[in-house]
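To keep things clear, I will list the structure first and then write my remarks on it.
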Amino acid sequence: MSLRITVLGRGAWGGTLLRLWERQGHELRSWSRRDGGDPAALLQDCDLVVVAVSMVGVTPLGLGLRGHWPQGLPLLSCSKGIDLDSLCTASQLWRRHLPALPLAVLSGPNLAEELERGLPAASVLSSDDPALARRLQEQLRTPHLRLYTNADPIGTEAAGALKNVIALAAGISDGLGLGANAKASLLCRGLAEIAVVLQALGGQPTTLYGLAGLGDLLATANSSLSRNYRFGSLLAEGCDEATALARIGATVEGPRTARATLALAVREGWQLPICGQVVRLLAGELEARQAVQELMQRDLRAEAAA
Ligand SMILES: NC(=O)C1=CN([C@@H]2O[C@H](COP(=O)(O)OP(=O)(O)OC[C@H]3O[C@@H](n4cnc5c(N)ncnc54)[C@H](OP(=O)(O)O)[C@@H]3O)[C@@H](O)[C@H]2O)C=CC1
Ligand SMILES: O=C(CO)COP(=O)(O)O
């Protein structure tokens with residue numbers, strides 16, 4: 001069945017999804033900030049709104065759409081991160097602006113450039129409403145994008161947000177030439193930190209080892225197509241945050257998510273050593289090699305602890 005889909009945010013990810021679903025015979029309309037104009041005008045006569053703006057764009061968009069949302073129109077949120085002002089995920093922000101919204105989240109190992117080239121990938125459609133997740137799974141799958149469902153949007157978002165911080169750290173590790181042992185250790189300990197956040201926010205442990213968790217971590221931490229990974233390699237070369245961001249010239253969610261997660265960790269009493277070192281490195285408090293050395297010299301502990 002052909003859907004009338006409105007995509008809000010036509011960056012790398014929104015643009016790729018738009019072309020993917022257009023090729024499937026769906027009817028697509030889109031808005032991006034650079035277009036100007038009023039995105040609320042695109043909410044009428046449509047079956048689904050897909051939001052693919054970066055995290056900083058969610059609140060302004062939510063404020064603009066409040067009061068204009070047609071009852072029952074579902075929103076599919078594709079933004080990955082934790083907002084630095086509110087310390088919320090994208091779906092938590094959408095719920096604040098539009099409380100009665102039918103809401104789903106799309107997340108998984110989905111580097112836009114690979115999908116653009118027609119390479120196969122899988123992803124998770126997550127919603128508290130299982131019927132909505134199943135319906136979108138059926139309607140939005142493509143021959144190259146296989147969709148699974150889960151009923152854990154907060155866990156799915158926590159995993160998708162935190163993998164960017166660990167992928168950034170993986171870029172630092174590879175940039176410093178620390179080798180395969182260090183990288184594997186970093187990813188395992190990073191996964192333990194993602195687990196702390198995911199479980200504290202009420203997510204399910206199975207999500208951690210699924211596509212949105214381990215799956216996206218592996219893709220992002222091992223590919224130079226990832227902006228977060230490349231950002232980390234630039235930090236390892238000695239670039240500061242502003243220079244690295246300017247060199248990449250596109251959204252890099254890891255730095256703001258690292259700061260937001262650390263703020264949550266301080267508030268909630270979580271131990272997140274890798275995330276903490278990333279934030280200190282971003283603040284220019286230490287150099288990359290020193291950050292690694294300090295992680296290696298932490299007090300010894302059981303593997304089950306973060
Ligand atoms: N690229 C990828 O492979 C994937 C990305 N994602 C996630 O999707 C989100 C978008 O990433 P991506 O498309 O790659 O990034 P891009 O940098 O390519 O595009 C960012 C998008 O966000 C919009 N935007 C930024 N700030 C605002 C704002 N204040 N108000 C409204 N819109 C804003 C931009 O609008 P404009 O350019 O018109 O100004 C643009 O549409 C991120 O959260 C990312 O983690 C998820 C899966 C895969
Ligand atoms: O989320 C992504 C792939 O799943 C995109 O990662 P980057 O934002 O690091 O490019």
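Position 1 is the first residue of the sequence; numbering continues from there. Ligands are counted one by one from 1 in listed order, and the atoms in each one are counted from 1 as well.
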request  = Report the part of Asp216 (side chain from C-beta onward, or backbone N, CA, C, O) that has a heavy atom under 4.0 Å from ligand 2; answer both or neither where that applies.
outcome  = side chain
request  = Could you establish whether Leu61 and ligand 1 come within less than 4.0 Å of each other, counting only heavy atoms on the residue side?
outcome  = no
key: Point-to-point distance, once rounded to the nearest 0.5 Å, from CD of Gln139 to NE2 of His26   = 7.0 Å
Sub-3.5 Å N/O-N/O distance, Ala12 and ligand 1 = yes
ask   = Has Gly108 got any heavy atom lying under 4.0 angstrom from an atom of ligand 2?
value = yes
message = Evaluate Leu111 for polar contact with ligand 1, using N/O atom pairs at a separation under 3.5 Å.
response = no
key: N or O pair under 3.5 Å between Asn228 and ligand 2   = yes
request  = Using a 4.0 Å heavy-atom cut-off, say whether Thr220 meets ligand 2 through its side chain, its backbone, both or neither.
outcome  = side chain
note = Looking only at protein heavy atoms, what sits closest to atom 25 (C) of ligand 1 is Ser54 OG, 3.0 Å
query = Would you say the side-chain atoms of Arg146 and Tyr148 include a donor-acceptor pair closer than 3.5 Å?
reply = yes
ask   = When you measure from atom 20 (C) of ligand 1 to every protein heavy atom, which one gives the shortest distance, and what is it?
value = Thr251 OG1, 3.4 Å
Whether Arg230 lies under 4.0 Å from ligand 2, heavy atom = no
ask   = Does some non-hydrogen atom of Arg227 fall short of 4.0 Å from ligand 1?
value = yes
Please table the atom pairs, donor to acceptor, closer than 3.5 Å between any side-chain atom in residues 203-211 and protein atoms at least two apart or in another chain.
from, atom 1, to, atom 2, distance (Å)
Thr207, OG1, Asp152, OD2, 2.5
Thr207, OG1, Gln204, O, 3.4

inquiry  = Minimum distance, heavy atoms only, to atom 39 (O) of ligand 1: which one of Lys80, Glu114, Arg33, Glu116 is it?
reply    = Arg33
key: Nearest-option assignment for atom 2 (C) of ligand 2, heavy atoms, candidates Glu114, Glu113, Lys163   = Lys163
query = Nearest protein heavy-atom contact for atom 10 (O) of ligand 2: which residue, which atom, what distance?
reply = Arg227 NE, 2.6 Å
key: Nitrogen or oxygen of Trp31 less than 3.5 angstrom from that of ligand 1   = no
query = Side chain, backbone, both or neither: which part of Glu253 has a heavy atom under 4.0 Å from ligand 2?
reply = neither
query = Counting only heavy atoms, which portion of Glu253 has something under 4.0 Å from ligand 1: side chain, backbone, both, or neither?
reply = side chain
ask   = Does an N or O anywhere in Met55 fall below 3.5 Å from an N or O of ligand 1?
value = no
query = If you measure every N/O of Asn164 against every N/O of ligand 1, is any gap under 3.5 Å?
reply = no
query = Is there any N or O on Ser79 that sits under 3.5 Å from an N or O of ligand 1?
reply = no
The one among Ala219, Ser32, Ala250 that brings a heavy atom closest to atom 36 (P) of ligand 1 = Ser32
